[in-house]
Amino acid sequence: MKVGIVGWRGMVGSVLMQRMSAEKDFELFESVFFSTSNAGGDAPTVARGERTLKEANDLEALAGCDAIVTAQGGDYSNDVFPKLRAAGWRGYWIDAASALRMKDDAVIILDPVNLPLIQDALARGVKNYIGSNCTVGLMLMALDGLLKADVIEWISAMTYQAASGAGAPQMRELIEQMGQLYSSARDLLSDPKSPILEIDHAVSMSLLSDQLPVRSLGAPLAGSLIPWIHDDLGNGVSREEWKASAEANKILGRPALGEAGSLIVEGLCVRIGAMRCHSQALTIKLRADLPLPEIERMLADANEWVTVVANNREDSIRELSPAKVNGTMSIPIGRLRKLALGPEYISAFTVGDQLLWGAAEPLRRMLRLLLNKL
Ligand code: HSE
């Protein structure tokens with residue numbers, strides 16, 4: 001198999017490259033690297049890789065691949081994918097962007113959760129396999145056990161999403177904002193007796209000043225938060241919030257939201273000052289009054305990445321934080337308890353790296369699935 005790789009230098013692409021190298025994926029197929037800006041330059045050195053970068057808009061070169069993996073972004077997918085198909089290319093298109101996700105001829109890939117659905121699609125000759133929205137994917141990975149047992153009636157997800165979900169420039173700007181806030185209070189901080197309200201005033205002035213860099217984020221994120229992610233759909237719902245139920249039902253192979261048998265996923269999506277881990281506080285209505293130990297067992301046994309964190313102060317603070325999970329494949333879920341709302345209602349809190357299970361990992365695993373090497 002010959003695999004074309006596009007967008008390997010961006011943030012998701014770089015994480016994908018790290019993971020593919022770590023797992024020795026490149027030994028399994030020939031690789032051709034494409035570039036939108038440096039065709040003819042040196043390709044990254046990997047096992048069985050072509051040495052020279054090809055032009056990412058060269059349809060003929062792309063059509064020479066059996067599979068194309070792209071993390072180049074939605075504009076590229078919208079532009080190149082239809083042209084390739086129109087030219088008769090029948091290879092596998094594996095994409096991190098959302099552009100083609102909800103199309104009828106595309107499957108959203110999250111194999112620990114929906115492997116049978118992917119295998120069925122492969123058998124039917126489906127050729128388009130698209131990674132999920134990071135927040136949805138991470139939530140489904142965490143709740144895998146309860147979803148497989150089909151014991152959830154609805155989920156309300158309050159998210160705490162990292163800057164990386166918005167993009168690399170936003171991550172840089174977050175740190176610049178942090179630095180600026182610190183600078184505004186540095187002298188006061190160096191005096192242990194300085195009044196805290198003076199420190200607060202200095203930081204507050206800095207947060208509102210024209211000098212705070214907000215070009216990428218659009219608003220202060222350090223020392224603050226942004227309670228809207230992605231487009232405004234005009235009905236009070238953000239696109240990120242809409243994706244939760246739309247994609248969750250598609251991933252799970254259920255009818256669309258509102259139809260009988262669909263899963264209701266509601267919530268509010270909020271950007272916070274974490275680097276690359278999305279966290280989510282979940283309220284879940286179960287179909288039955290299941291004992292908590294049984295719920296914990298179902299969650300823990302579902303896949304090899306999810307871990308149940310005991311619902312106490314020490315374990316929660318130590319294990320359930322973006323700082324701890326950053327850069328790992330682990331999906332901890334904790335803060336599990338029955339709510340005063342009734343015996344079918346539980347709370348949960350989960351954290352996951354949005355660049356790994358939230359973006360890159362399902363793509364490289366899809367390649368392995370094509371080769372029966374998962
Ligand atoms: N839309 C997500 C976010 C990123 O803004 O955090 C990845 O799907």
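What you are looking at is a predicted structure, and each value in this text was computed from that prediction instead of being measured. First listed ligand is number 1; within each ligand, the first listed atom is number 1.
Salt bridge absent: Arg172 and Glu176 never bring a charged side-chain N and a carboxylate O closer than 4.0 Å.
Between Gly165 and ligand 1, at least one N/O pair is under 3.5 Å apart. An N or O contact shorter than 3.5 Å is missing between Arg101 and ligand 1 by distance. Remark: ligand 1 and Lys243 share no N or O pair separated by less than 3.5 Å (distance only, no angle test).
Close approach to Ile229 involves these atoms of ligand 1, each under 4.0 Å from a residue heavy atom: 5 (O). For ligand 1 and Cys134, the ligand atoms under 4.0 Å from any heavy atom of the residue are 2 (C), 4 (C), 7 (C), 8 (O).
Side-chain contact, Thr135 with Gln354: no donor N or O sits under 3.5 Å from an acceptor N or O. Defined by atom type and a distance below 3.5 Å, a donor-acceptor pair is missing between the side-chain atoms of Arg337 and Asn311. Between the side chains of Asn78 and Asp75, no donor-acceptor pair is found at a separation under 3.5 Å.
Taking the six-membered ring wherever Trp is involved, the centroid distance between the rings of Tyr129 and Trp93 does not fall below 6.0 Å.
For atom 1 (N) of ligand 1, the choice among Arg239, Glu240, Gln354, Gln170 with the nearest heavy atom turns out to be Glu240.
Protein heavy atom in closest approach to atom 5 (O) of ligand 1: Arg271 NH2, 2.8 Å.
Counted within 6.0 Å of NZ on Lys148, heavy atoms from surrounding residues, nucleotides or ligands total more than 12; the atom is thus considered enclosed.
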